[in-house]
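First up is the structure itself, then whatever we jot down about it.
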Protein chains: 2
Amino acid sequence: MVASAAELVRRNGIAGTGFRDVVEHSGTPRGSISHHFPGGKRQMVSEAVRLSGAHAATIMSHAEQDGPAAALAEICNVFRRSLVATDYAAGCPVGAVAQEGWREPELREAASEVFDEWRRILRGLMRERGWSEERAEDMADLAVCAFEGALLMCRIDRSTAPLDHVEHLLGPMLEAG
Amino acid sequence: MVASAAELVRRNGIAGTGFRDVVEHSGTPRGSISHHFPGGKRQMVSEAVRLSGAHAATIMSHAEQDGPAAALAEICNVFRRSLVATDYAAGCPVGAVAQEGWREPELREAASEVFDEWRRILRGLMRERGWSEERAEDMADLAVCAFEGALLMCRIDRSTAPLDHVEHLLGPMLEAG
DNA sequence: GTCTATACGAAGATAGAC
DNA sequence: GTCTATCTTCGTATAGAC
């Protein structure tokens with residue numbers, strides 16, 4: 001059910017995703033919403049963001065023995081496939097929450113923790129490549145910003161070009177300390 | 001009225017911005033909505049995006065005699081001031097539409113044209129610095145992606161650091177061809 | 001636990017008076 | 001042109017039956 005929520009939010013946004021859609025998409029019983037999510041929609045979206053964020057972090061970590069550029073390439077590949085497979089409907093659920101749900105402290109907190117983890121992973125990989133702590137932090141910021149922005153722009157362009165460009169330009173930069 | 005819509009959309013998103021809020025914010029008469037916007041909310045948001053996009057393009061163009069890094073710095077400065085002045089409520093209206101309104105062809109088209117103009121401006125400035133057409137295109141993509149992503153992240157972090165990092169890391173890259 | 005029905009509020013669109 | 005009132009839709013939350 002949380003996975004369904006994440007999938008719908010990344011496509012239609014928070015406001016565009018109702019409980020109705022989630023129960024339909026997940027096939028779960030309609031009457032158990034308030035039982036599983038006493039915190040209402042906020043709680044559901046919050047859990048969806050954390051789930052997606054952890055999933056992405058796992059993907060990046062899988063490539064961590066190959067360095068920061070490989071980690072970036074890996075996560076770009078996964079999202080690029082999603083974009084193409086859904087005809088550019090599937091963006092990033094964390095970005096959606098960052099745009100629509102930042103006023104809700106619970107959602108802002110969830111998105112914040114996800115972004116922090118992503119940056120922490122990239123920072124660690126760059127440190128291993130000899131970057132200074134400060135430069136690694138700045139570059140990790142740039143990488144996550146560019147990644148999130150690229151997902152936005154790919155949907156508008158109906159093309160994976162922005163994501164491709166980010167990956168190919170930023171990858172080498174992350175390697176050279 | 002369009003300016004009010006743009007201001008409200010960049011803060012609260014499309015779904016979070018009702019006609020009610022717009023007439024209140026702009027002080028315009030409530031009964032003339034459908035007269036000025038026969039196309040409904042879509043039309044209003046579409047015009048708001050184009051207005052904001054053109055405004056940002058003008059800002060970048062003001063610094064164009066000083067090169068691409070100066071243009072980037074100028075637009076970053078303007079949005080950084082907005083972020084701080086509104087306690088991180090004011091993001092980018094074009095980004096909001098890219099996230100929430102991409103399904104509406106009219107809105108997607110408007111956002112697409114705005115992004116294209118921004119990239120065209122940066123590409124032109126980089127060409128003057130001796131970049132090849134292809135590299136200039138890729139770097140312009142990266143710059144706009146990073147800028148949009150930074151505005152997202154600044155709100156979540158409640159800090160201008162992501163935007164600062166993007167500006168300081170990307171600026172020099174745009175200069176050196 | 002799961003389900004149905006409903007209350008409550010919000011928002012967009014529309015019609016008609018002045 | 002401007003305004004008020006209303007219609008309709010939709011989504012969340014809640015209460016109560018099985």
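Throughout, protein chains are lettered first and strands after them, A, B, ... in sequence-line order, and every chain is numbered starting at 1. Only heavy atoms go into these numbers, but all of them, side chains included; no hydrogens, no water, no symmetry mates.
- C:dA10 atom P lies 15 Å from atom CG of B:Asn12, rounded to whole Å.
- Proximity of a side-chain donor or acceptor of A:Arg10 to a complementary backbone N or O of A:Gly91 within less than 3.5 Å is detected.
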Could I get a table of every N or O pair under 3.5 Å where one atom is in the protein and the other is in nucleotides 12-18 of chain D?
unit_1: D:dT12; atom_1: OP1; unit_2: A:Lys41; atom_2: NZ; d: 2.9
unit_1: D:dT12; atom_1: OP2; unit_2: A:Phe19; atom_2: N; d: 3.0

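- Residue pairs that meet the salt bridge (Lys or Arg N to Asp or Glu O under 4.0 Å) test with at least one member in residues 52-63 of chain B, sequence neighbours left out, do not exist here.
- OP1 or OP2 of D:dT2 sits under 4.0 Å from a side-chain N or O of B:His36.
- B:Phe37 has its CZ atom 12 Å from the P atom of D:dT2, to the nearest Å.
- Cluster partners of B:Ile33, using a side-chain heavy-atom cutoff of under 4.5 Å among ILVMFWY residues and allowing indirect links, are B:Met1, B:Val2, B:Leu8, B:Phe19, B:Val22, B:Val23, B:Phe37, B:Met44, B:Leu51.
- Sorted by first and then second residue, the side-chain hydrogen bond (donor to acceptor under 3.5 Å, both in side chains) pairs involving residues 90-114 of chain B (not counting sequence neighbours) are A:Asn12-B:Arg103, A:Arg155-B:Gln99, B:Arg42-B:Glu104, B:Arg50-B:Glu113.
- Sorted by first and then second residue, the side-chain hydrogen bond (donor to acceptor under 3.5 Å, both in side chains) pairs with a member in residues 60-77 of chain B read B:Asn77-B:Arg80; sequence neighbours excluded.
- Where A:Gly16 and B:Thr28 each meet DNA chain D at their nearest nucleotide, the meeting point lying more 5' is that of B:Thr28.
- Rounded to a whole Å, the CD1 atom of B:Ile33 is 17 Å from the P atom of D:dG1.
- Straight-line distance from the NE2 atom of B:His35 to the P atom of C:dT14: 15 Å, rounded to whole Å.
- Qualifying salt bridge (Lys or Arg N to Asp or Glu O under 4.0 Å) partners for A:Arg120, counting only residues two or more places apart in sequence or in other chains: A:Glu117.
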